[in-house]
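A short worksheet on the structure shown next.
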Amino acid sequence: MKPVAEQRWRLAAPLLILGMYPACSSAESLGGGIHMEPIEGAIKLEAEARDETFFGALSGNPKVKTKETIFREAIELQLDGDVYHSRLFAYRAFLDLGFEQRDLRQNQLGEPLKTNLTNSFFDLRGEIFAESAYSGDVYAFRNQIQTRQSFFASTDAIIAEYGANVRAREWVVPSWLHYDHYTYDGRLGDTRQELRDRLRLQGSKLEGEFLFDYRLEYNFIDGNTATSPYDDYQAYSSIGWNFGPDLQHLVRATGFYRQQTGDFANESADVSGTLDLALSENLDWKNNILFNRTIYEDTLSIPGKKTLWDSYLEHRLFDSLTSMVGLEGYDQYFGEGQILRNGVKAGLDYVKKTSFGQLNIGWHPEVYIQSESGNPDRLNPVADESHRFTIGIPIFLDNLRAEATSIRITDVTGLVLYVAPSDYVVLQSGLTTEIVISVGSRIQPGDTILVSYRYAVGSDRKFRTVDSPLSVTFGFGEFMKVGFFWLISRQNLLEGREDGTLDDVDELGLNFGLNQGGYGLNFDFLDRESRITPFRRFRLDARASFLPDPDVNADLDAGIYRILNKDTDTWEWGLSAGGVGKWRITNRLTFRLSALFKRIDRSTDLGRGWYADGRLSYDLGKTTFELQLIGSQERWQFQNDNDIYRVYFKVRREF
């Protein structure tokens with residue numbers, strides 16, 4: 001048996017040599033009406049080196065050092081064509097086959113730990129009847145993952161997935177059918193076992209004055225993690241009818257049903273409706289209503305019902321001034337408790353266009369009374385509360401008095417379970433709960449996370465809330481924009497006990513932007529005075545684009561921000577600067593460079609880092625060579641340090 005590395009090179013070398021030869025003709029006819037477009041093929045050789053130092057790892061060790069080198073090679077093939085006629089049988093296929101070799105050295109408690117791992121994967125996709133009214137595609141994916149990290153002793157798993165899609169564009173209701181099967185087979189160090197099957201059918205049709213949408217979905221999940229075995233049925237549907245031109249009179253109904261069986265027998269159903277009527281040329285009447293029924297069959301066994309509704313009139317007083325007045329209501333029942341809220345809302349919107357700009361003024365006051373009754377010590381579950389991670393903006397849970405030990409965070413797919421403290425840290429100050437993303441976390445800026453938890457509702461009370469938000473924006477064409485925001489919110493206890501959850505808020509915000517051609521400057525400031533969550537933040541961003549000649553262009557960005565949490569005297573400020581440049585050296589040779597520098601100072605830590613990505617590509621007609629070098633580094637005073645360097649080499653060939 002040849003060594004693994006030698007076997008891989010014996011496979012790659014002939015293909016690498018093949019990529020050097022001239023290309024075949026642009027299109028080939030194989031006889032019998034079989035037509036094939038040029039085949040595109042690529043060989044990718046990748047190398048990665050990583051040097052990391054972790055402090056305060058989950059194992060309790062004060063410091064863990066990791067050095068890892070990774071080598072990958074992959075082959076890509078893509079072909080297109082048709083048989084007899086493109087509408088009769090048009091096909092498209094993609095194959096990605098690769099191997100990965102990992103060599104890891106880890107120093108833990110002074111004893112070196114060596115690991116040598118071999119991974120493999122393939123990704124195969126094909127499409128038939130690509131250009132016809134009825135088409136479909138199939139795919140298969142398998143990845144063997146063997147890693148060793150500081151936060152997890154080891155991970156050895158095999159991920160496999162396959163599925164198919166069928167599309168009917170000219171059916172009675174144009175529809176799409178999708179099926180996929182997913183398995184996660186954890187091995188040494190990762191005992192998770194999970195199986196998922198999903199079947200989805202959906203369609204939509206708009207014909208004349210009639211609108212119809214539907215979606216049916218079935219999920220079966222079987223695993224030994226927190227999800228545990230359950231079936232998941234979902235159904236969506238909506239129907240609409242337009243009584244007049246331009247959707248001026250519209251009735252729409254939407255339904256949703258979901259059921260889970262197994263370890264968790266949860267059930268949820270929604271029915272909603274919309275009615276929009278144009279009573280006159282300048283007067284519109286709009287209505288919305290939602291009914292929800294939910295049953296949580298976990299350790300709490302809480303059934304719930306919820307009703308939301310609003311009804312309001314919009315009156316266009318002048319071409320530039322619109323008024324609004326309406327009523328709204330909210331009624332929620334959960335187990336032994338109930339929340340009842342009724343209120344009135346109003347608004348004025350002024351939009352005035354001038355020869356040199358546009359003025360927007362909006363004032364939307366709202367007054368409502370909320371009554372809470374039931375067991376104040378009962379915990380209520382929240383499933384998949386969505387938050388987006390943005391640097392410089394804190395992540396606070398929507399509900400007060402959250403139970404920290406019940407918090408569970410996943411990605412938007414629900415497949416990735418994040419863990420504390422390597423991915424996030426829970427901070428509780430008074431009645432509020434904040435999620436802080438850890439340095440080195442798998443959660444990256446821009447990612448959306450789903451948070452599930454339990455919280456206690458302050459019940460047996462009645463209070464009044466008065467909100468008065470005012471916003472003013474003025475724009476001088478595309479050149480300058482100035483915005484102002486002012487909010488006054490007051491909550492007063494009318495009956496019952498005071499538990500500290502009622503708040504008084506004063507917010508003052510300012511936004512200023514300058515944009516001229518390839519240059520821009522934006523400033524944002526917000527000051528929030530609050531009994532519960534007072535903070536102050538500002539952010540300044542600048543950008544510039546340069547095009548000295550047709551072969552050279554560059555984009556530069558820089559930003560600075562600061563956040564002060566007034567109640568805890570904790571603060572953070574950050575600085576970032578980066579850019580992207582492209583230089584076409586010759587008609588065949590192109591160089592691209594992107595780089596980023598950042599520095600973050602917190603009241604508890606200090607960090608800095610950089611990232612650079614350089615790419616050099618050489619085009620020989622139907623053969624393309626690409627060399628890519630990536631490097632990054634982070635240094636922290638009390639947290640994790642890491643150095644990561646990667647080298648990628650790819651040869652792409654069109655046959």
Side-chain angles (χ1 to χ4, degrees), residues 246-247 276 282-284 286 288 310 312-326 328 343-368 387-388 390-396 445-446 465-490 503-530 533-545 555 557-564 574 576:
D246 302 324
L247 300 180
D276 295 341
N282 296 315
L283 185 63
D284 293 341
K286 299 184 178 182
N288 300 282
D310 67 4
Y312 59 95
L313 291 170
E314 285 187 352
H315 188 201
R316 290 176 292 278
L317 303 175
F318 304 100
D319 291 340
S320 55
L321 182 62
T322 302
S323 67
M324 182 271 290
V325 61
E328 61 180 354
V344 297
K345 57 183 179 180
L348 284 175
D349 290 283
Y350 182 79
V351 180
K352 182 67 175 179
K353 293 184 178 181
T354 67
S355 59
F356 52 85
Q358 178 173 305
L359 175 65
N360 296 70
I361 301 176
W363 180 50
H364 296 267
E366 181 177 0
V367 179
Y368 64 86
H387 293 275
R388 183 180 176 87
T390 302
I391 295 178
I393 299 180
I395 299 178
F396 289 101
T465 300
V466 180
D467 294 334
S468 183
L470 173 66
S471 62
V472 180
T473 303
F474 192 83
F476 293 89
E478 300 295 330
F479 170 67
M480 185 173 69
K481 183 179 180 180
V482 180
F484 170 80
F485 175 78
W486 184 26
L487 168 67
I488 299 177
S489 179
R490 297 290 183 266
D503 199 5
D504 288 342
V505 177
D506 292 274
E507 284 188 357
L508 182 64
L510 177 66
N511 178 268
F512 176 78
L514 287 174
N515 293 278
Q516 179 63 38
Y519 302 92
L521 181 69
N522 288 278
F523 172 78
D524 179 74
F525 171 81
L526 178 64
D527 185 85
R528 176 185 174 94
E529 293 293 340
S530 163
T533 58
F535 65 89
R536 179 184 297 123
R537 74 166 186 258
F538 82 86
R539 186 174 187 91
L540 179 66
D541 295 285
R543 64 174 182 85
S545 299
D555 296 305
D557 296 276
I560 185 173
Y561 73 89
R562 179 180 172 88
I563 302 173
L564 172 64
S576 64

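Keep in mind that the numbers below use all heavy atoms, side chains included, and drop hydrogens, waters and symmetry copies. Each residue takes its place number in the sequence, starting with 1.
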Are any non-hydrogen side-chain atoms of Lys345 and Met324 less than 4.5 angstrom apart?
yes

Is there a side-chain contact (heavy atoms from CB on, under 4.5 Å) between Tyr561 and Leu540 once you walk through the steps?
CA-CA 6 Å; Tyr561 73 89; Leu540 179 66; over 6 Å; no

Going from CD1 on Ile361 to CZ on Phe484, what distance comes out if it is rounded to the nearest 0.5 angstrom?
11.0 Å

Point-to-point distance, once rounded to the nearest 0.5 Å, from CD of Glu507 to CG of Asp527:
9.0 Å

Strictly by side chain to side chain donor-acceptor pair (under 3.5 Å), give each pair with a member in residues 511-525 just once, sequence neighbours left out.
Asn515-Arg543

Cationic N near anionic O, under 4.0 Å, Lys286 to Asp276:
no

Looking only at heavy atoms, which two atoms of Val505 and Arg490 are closest? And how far apart?
O-NH1, 3.1 Å

How long is the straight-line distance from NE2 of His364 back to CG of Leu348, given to the nearest 0.5 Å?
8.0 Å

For Pro469 versus Phe485, what's the shortest heavy-atom pair and its separation?
CB-CE1, 4.4 Å

Beyond-backbone contact of Phe474 with Met480, side-chain heavy atoms, under 4.5 angstrom
no

Set of side-chain contact (heavy atoms from CB on, under 4.5 Å) partners for Arg388, sequence neighbours left out:
Thr390, Thr448

Taking all atoms of both residues into account, what is the closest heavy-atom pair of Ala542 and Leu521, and its distance?
CB-CD1, 3.9 Å

CG-CG distance between Asp506 and Leu508, expressed to the nearest 0.5 angstrom
9.5 Å

Aromatic plane relationship, Phe525 with Phe523 - under 30° parallel, 30 to 60° tilted, over 60° perpendicular
parallel

Looking only at side chains, do Ser468 and Trp363 share a donor and an acceptor under 3.5 Å apart?
yes

Minimum heavy-atom separation for Gly559 and Asp541, please, with both atom names.
CA-OD1, 3.6 Å

Closest non-hydrogen atom pair between Thr465 and Ser489, with its separation
CG2-OG, 4.3 Å

Are Arg316 and Asp349 close enough for a salt bridge, meaning some N to O gap below 4.0 Å?
no

Roughly how far, to the nearest 0.5 Å, is CZ of Arg528 from CZ of Arg536?
13.5 Å

Just verifying a value: how many Å separate Tyr350 OH and Thr322 OG1, rounded to the nearest 0.5 Å?
11.5 Å

